[in-house]
Amino acid sequence: MKKIIAAIVFLIPMICLSQTDVLILQKNGSNIKTYAPGQPIMIHTVYDQWLGGTLTDLKNDSVYINNIPFHVNEIDGLRKDFSKLHLQNGGTILIIAGVGVLALNVINGLYTSEPAGSWIKASGYITAGAFILAGILMRSARYKNYPIGKKYTLHYLDLRPKSISTGNPFNKTEPAKQPDAH
């Protein structure tokens, strides 16, 4: 019984694949992001389309997004999504708050019967401007695009073990065919 268990323990790693290929996004030679199967990814193709989904597999220089294959050379850019930080909603709230500060100053000026030029003080303009500007910046910071080219590069790293045809009984290959000499 011990011999059978030992044989199983030593034979299972020969059959199993433990590593998958990875996709590496680099900026001037330094790694920014490493993508592996199961992670969300959003790509821009050379056909001018944005496609997003789950990276289901990587094999033979192909990237499978929701089981749809794309060659690595078809990827023109990548996008990093910051929507989990809710920057879009917070930015909208800040823009509304900035407009609200201006409206509150105008309503306050009408209520106190002040002349029209003195309704909004410099501090009101600064506060409202800061809120609106911060809101616009937060709304525009939802995505970060990485265009593949000079600055950003995309590398396909093949980590799957190469099977040796002589020692692996699971890898059946046919002999090379020679042309007939007539």
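Every value quoted in this text rests on a predicted model; they were computed, and no experiment measured them.
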Response to the item:
In short, Ile75 meets Leu78 closest at the heavy-atom pair CG2-CD2, 4.4 Å

Worksheet item: Can you name the closest pair of heavy atoms from Asn66 and Gly53 and give their distance?
Response: ND2-CA, 3.6 Å

Worksheet item: Between Gly98 and Ala128, which heavy-atom pair has the shortest distance, and what is it?
Response: O-CB, 3.3 Å

Fill in: Distance, nearest 0.5 Å, that separates OG1 of Thr34 from CD of Gln39
8.0 Å

Worksheet item: Cut-off 3.5 Å, side chains only: do His44 and Gln49 have a donor facing an acceptor?
Response: no

Discussion item. Run Thr45 and Leu51 through side chain to side chain contact (heavy atoms under 4.5 Å, CB included) and show every step you take.
Written reply: CA-CA 8 Å; Thr45 64; Leu51 300 167; 3.9 Å; yes

Practice prompt. Take Met138 and Leu94 through the side chain to side chain contact (heavy atoms under 4.5 Å, CB included) test and state the conclusion after the steps.
Written response: CA-CA 9 Å; Met138 284 178 70; Leu94 281 177; 3.5 Å; yes

Worksheet item: Is a side-chain N or O of Thr56 found less than 3.5 angstrom from the main chain of Asn67, in a donor-acceptor match?
Response: yes

Worksheet item: Transitively linked via ILVMFWY side-chain contacts under 4.5 Å: Trp50 with Val46?
Response: no

Worksheet entry | Interatomic distance, Ile132 atom CD1 to Thr127 atom OG1 [nearest 0.5 angstrom] | 11.0 Å

Discussion item. Is any side-chain heavy atom of Lys80 closer than 4.5 Å to one of Ile32?
Written reply: no

Discussion item. Are Leu58 and Ile68 linked, directly or through intermediate hydrophobic residues, by side-chain heavy-atom contacts shorter than 4.5 Å (ILVMFWY only)?
Written reply: yes

Discussion item. Quick check on the hydrophobic clustering: are Leu133 and Leu102 connected, directly or via other members, by side-chain heavy-atom contacts under 4.5 Å?
Written reply: no

Fill in: Separation between CG of Asn31 and NE2 of His155, rounded to the nearest 0.5 Å
8.5 Å

Practice prompt. For residues 56-80, pull every pair meeting ring-ring contact (aromatic ring centres under 6.0 Å, His included), keeping only residues two or more places apart or in separate chains.
Written response: none

Fill in: Path from Tyr152 to Val72 over hydrophobic side-chain contacts below 4.5 Å
yes

Worksheet entry | Asn145 side-chain N/O to Arg79 backbone N/O, donor-acceptor pair under 3.5 Å | no

Worksheet item: Can you find a heavy atom in the side chain of Leu55 that is under 4.5 Å from one in the side chain of Val63?
Response: yes

Worksheet item: Do the non-hydrogen side-chain atoms of Leu23 and Leu154 ever get within less than 4.5 Å of each other?
Response: yes

Worksheet item: Has the side chain of Tyr156 got a donor or acceptor atom that lies under 3.5 Å from a matching backbone atom of Lys59?
Response: yes

Fill in: Evaluation steps, side chain to side chain contact (heavy atoms under 4.5 Å, CB included), between Leu25 and Tyr146
CA-CA 9 Å; Leu25 177 65; Tyr146 299 108; 3.6 Å; yes

Fill in: Check against side chain to side chain contact (heavy atoms under 4.5 Å, CB included), Phe131 and Val101
CA-CA 9 Å; Phe131 281 161; Val101 166; 4.0 Å; yes

Discussion item. Tell me whether Ile136 shares a hydrophobic cluster with Val99, the cluster being built from Ile, Leu, Val, Met, Phe, Trp, Tyr side chains joined at under 4.5 Å.
Written reply: yes

Discussion item. Using a 3.5 Å distance criterion without hydrogens, assess whether the side chain of Ser30 forms a donor-acceptor pair with backbone atoms of Lys27.
Written reply: yes

